[in-house]
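As the structure is a prediction and not an experimental result, all values here were calculated from the model. Just so it is clear: chains get the letters A, B, ... in the order the sequence lines come, proteins before strands, and each one is counted from 1.
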2 protein chains.
Amino acid sequence: MKPANLFYAQSGGVTAVINATAAAVIQTARNRPDAVGKVLAGRHGILGALGEDLIDASAFATDDLAAIARLPGGVFGSCRFDLDAPERNPGQYDRLFEVFAAHDIGYFLYNGGNGSMDTVVKLSTAARQRGYRLVCIGVPKTVDNDIEGTDCCPGFGSAAKYVATSMLEAGLDLDAMASRVGRVFVMEVMGRNAGWLAAATALAATDEDQPPHIILMPEVPFDEAVFLERVKATVERLGYCAVTVSEGIRRSDGSLVMEQSHDRKGRVQLGGAGQCIARLVHAAFGYKHHWAIPDYLQRAAGHTVSATDHAHACAVGRAAVEYAIDGRDGVMPAIRRVADDPYGWVVEPAALADVANRERLVPADFIRADGLHVTDAARRYLQPLIEGELRPPFVNGLPHYQRFKPGRVPRKLPPYTF
Amino acid sequence: MKPANLFYAQSGGVTAVINATAAAVIQTARNRPDAVGKVLAGRHGILGALGEDLIDASAFATDDLAAIARLPGGVFGSCRFDLDAPERNPGQYDRLFEVFAAHDIGYFLYNGGNGSMDTVVKLSTAARQRGYRLVCIGVPKTVDNDIEGTDCCPGFGSAAKYVATSMLEAGLDLDAMASRVGRVFVMEVMGRNAGWLAAATALAATDEDQPPHIILMPEVPFDEAVFLERVKATVERLGYCAVTVSEGIRRSDGSLVMEQSHDRKGRVQLGGAGQCIARLVHAAFGYKHHWAIPDYLQRAAGHTVSATDHAHACAVGRAAVEYAIDGRDGVMPAIRRVADDPYGWVVEPAALADVANRERLVPADFIRADGLHVTDAARRYLQPLIEGELRPPFVNGLPHYQRFKPGRVPRKLPPYTF
């Protein structure tokens, strides 16, 4: 019997190492022609399955896979699209299984965060109910580091390395520019509900006079008076104050601190917390104020990838294929830490039912008692995740990122409107 | 006769390579004990001279100088402070010359941008009028690249490399996240009046489908209708559009596009052009919108220094000391380009009278006819400036930036209040 094909796709924000996972999936599947047919990658996540927009990823040369493994972004694209509940929209699932059947797909690997793991669970259940033989595996990925059941998430370590590097360097600039009227610098990092990236900037400091002096995380309700008092004390001591703020910090009444805008569906678009915090300080004390918002830069920084993060990303890709071949439906390869220093880790399966739609926040013992910084326990956790340098080749002064425009698998089904 | 001491200080925003210039000044002076006594560095620019806040930079070990040459920020600090006109505030000049006399200073080297060159000219004139023997030399530096009389400015190449890298990487992310509703990404870079850094992001693209698709420079009055039309056409073609915007873009009536805030002196604080442009697009078309503001990160990025820029920074430091020793009062070492490819350059003196307080904007032949991008001539100019990689050592996953807290020279004069 010809082995079944493997569907692979990605959901949610991409990272500097998501392509490393994709390349590991493709290479591992290729090493097992006894068990896996082709790897068919969905363009833009589950939309690629719905739209029968598939790429024959098995066609990549081995050299191409090595190059892909070093690219930021995502060569197969990603999406922000959640499947409907099966009872609400059974036609959506009908379509998915039509596509899977038409392309002999027997393995479903979905790379993403908490919401994506829910998609995997839904599909696994639907397959069972329909009697369709499909092994469904989640693959963890998010710069937010907020997936339950794993010690850390591929993508986070590199983003953490980037934001810690940025705070370190901006801090040196700030120190040189300290002025008699006081100066505050605010860097806003990603994190709607979880302060992991904000916490990671603490690695830039080796003593408490070094930036960042204050870290505002969504886990701690923002207390303006306490915050301003700390800023003032810092500026009076050093001449300046550096603050890291998660985009999603909230006041104790639950309201977001940032300036709000809404998308067309009325969902809040974040992105102004840094500006708000900087202006708040300026209004209170008249200090010169600057704010930085790395935005996409922090999750796309292929030029400063963490080798540890890259190794994680490859390992979960390999393990996901192995679990699929072993028929371990409904699991996700998770990273388990064995030791902090020297850092040791293994990959183990975690049941998606325990993971999907949950959110792993920064725990209380990682947050300093005053809520304005992290503890040594947080530093011990974070430190190994940013270690090791993996740099792309440079050509003409810039990282050399090869472009891939893979061809599509011919469609076998009528178009689908959604 | 004991040779005179050399005063060195820095003004305006620091850069990723200003310390390289400082180290070259110190090392070059040390190599000429026949002509130069000590190098006394002013803390925080001219404020260090007024306040008699001096560092004996000759005390650094050679190894320390090598480490300093690789640090972003500025170990001697900088300032945003302009001297008053001599006729308005002669006391300020009296104080400066008292400090110079007390510390046997016969050379004055001031590292900065257009405004700093004016300070050098003022001091040179004042010294002549007072019969004080002082050789005054300007040293060019600014990420804005807007100093007249030099082909480029140390600091610019590294910032240009950083913003081009950032646009390249964010562009890959954007490409992966292209959605059916359209997506716009705006990166705001430094440049109040000159669009050099914005122009440099063009190096990220090798064809016109690659980000940045639009570059908004202060040299071109912002035309909302033309801009929006181009955004729409780009999104309809590619699914997304990446825009670089200089912080200081203005409408044809001269008004700034960004959201304004003011410092206590009523001066406009820029920093919101990126957000404004992103929101403008969102309001017009409902596209998803993101904006990044690297702010200090772009000028402090020691982890991605341009080797060419670093070489320039060292060369102007060396030349400044040589000019000083040769008694060439009122000049600045300028970089003259000999060839684009392979890149060739020399350092030559430029008369500060032709440089001070002028501003070198992006010339018309570097700006595409539609005003929304750059020309090939601009690319040929920019390309060599970002070339070559000079990376700091990494320790524990982060660039290793040694901290220097140099001791101060004992004061000889009563305190000065300013």
Fill in: Proximal component of B:Ile18, with respect to chain A [non-hydrogen, under 4.5 Å]
neither
Response to the item:
Nearest heavy-atom contact between B:Pro72 and A:Glu169 is CG-CG, 4.4 Å
Worksheet item: Is A:Arg183 positioned over the aromatic face of B:Tyr296, cation under 6.0 angstrom from the ring centre and no more than 45 degrees off axis?
Response: no
Item to complete: Quick one: pull up CZ in A:Arg299 and CE in B:Met177 and give me the separation to the nearest 0.5 Å.
Response: 5.0 Å
Worksheet entry | B:Leu168 portion near chain A, given a 4.5 angstrom heavy-atom threshold | side chain
Fill in: Minimum-distance pair of heavy atoms, taken over all atoms of A:Ala292 and B:Pro294
CB-O, 3.7 Å
Item to complete: Side chain from CB out, backbone as N, CA, C, O: work out which of these in A:Thr165 comes under 4.5 Å of a heavy atom of chain B, or both, or neither.
Response: both
Practice prompt. Verify side chain to side chain contact (heavy atoms under 4.5 Å, CB included) between B:Met187 and A:Leu297, making sure each step is shown before the conclusion.
Written response: CA-CA 10 Å; B:Met187 185 168 77; A:Leu297 280 49; 4.2 Å; yes
Discussion item. Pair A:Glu389, B:Arg391 - check side chain to side chain contact (heavy atoms under 4.5 Å, CB included), show working.
Written reply: CA-CA 11 Å; A:Glu389 285 67 55; B:Arg391 296 194 185 96; over 6 Å; no
Discussion item. As an exercise: rank B:Ala301, B:Ala164, B:Gly388 by heavy-atom pairs under 4.5 Å with chain A and give me the winner.
Written reply: B:Ala301
Worksheet item: Which atoms of B:Gln210 come close to chain A, meaning under 4.5 Å heavy atom to heavy atom: side chain ones, backbone ones, both, or neither?
Response: side chain
Fill in: Side chain / backbone / both / neither for A:Leu203 at chain B, heavy atoms under 4.5 Å
both
Response to the item:
Value for OG (B:Ser166) from NE2 (A:His303), rounded to nearest 0.5 Å, stands at 6.5 Å
Worksheet item: Which region of B:His44, side chain (C-beta onward) or backbone (N, CA, C, O), has a non-hydrogen atom less than 4.5 Å from a non-hydrogen atom of chain A, or is it both or neither?
Response: side chain
Discussion item. Among B:Leu172, B:Thr304, B:Val181, B:Asp173, which residue has the highest count of heavy-atom pairs closer than 4.5 Å to chain A?
Written reply: B:Asp173
Worksheet entry | A:Lys161 side chain to B:Leu398 backbone, donor-acceptor under 3.5 Å | no
Discussion item. Could you go through A:Ile293 and B:Trp291, starting from their C-alpha distance and side-chain angles, then the distance that decides it, and tell me whether this counts as side chain to side chain contact (heavy atoms under 4.5 Å, CB included)?
Written reply: CA-CA 8 Å; A:Ile293 308 178; B:Trp291 63 92; 3.8 Å; yes
Fill in: Side chain, backbone, both or neither of A:Phe76 within contact of chain B (heavy atoms, under 4.5 Å)
neither
Response to the item:
Closest non-hydrogen atoms of B:Ala176 and A:Gly73, given as atom of the first, atom of the second and distance, are CB-C, 4.3 Å
Worksheet entry | Backbone N/O of A:Asn396 and side chain of B:Gln383: donor-acceptor pair under 3.5 Å | yes
Discussion item. Does any backbone or side-chain atom of B:Ser78 lie under 4.5 Å from a heavy atom of chain A? Answer side chain, backbone, both or neither.
Written reply: both
Practice prompt. Determine the option with the most heavy-atom pairs under 4.5 angstrom with chain A, choosing from B:Met167, B:Arg80, B:Arg43, B:Arg403.
Written response: B:Arg403
Worksheet entry | From CA spacing to verdict: side chain to side chain contact (heavy atoms under 4.5 Å, CB included), A:Phe394, B:Glu387 | CA-CA 9 Å; A:Phe394 274 66; B:Glu387 288 191 4; over 6 Å; no
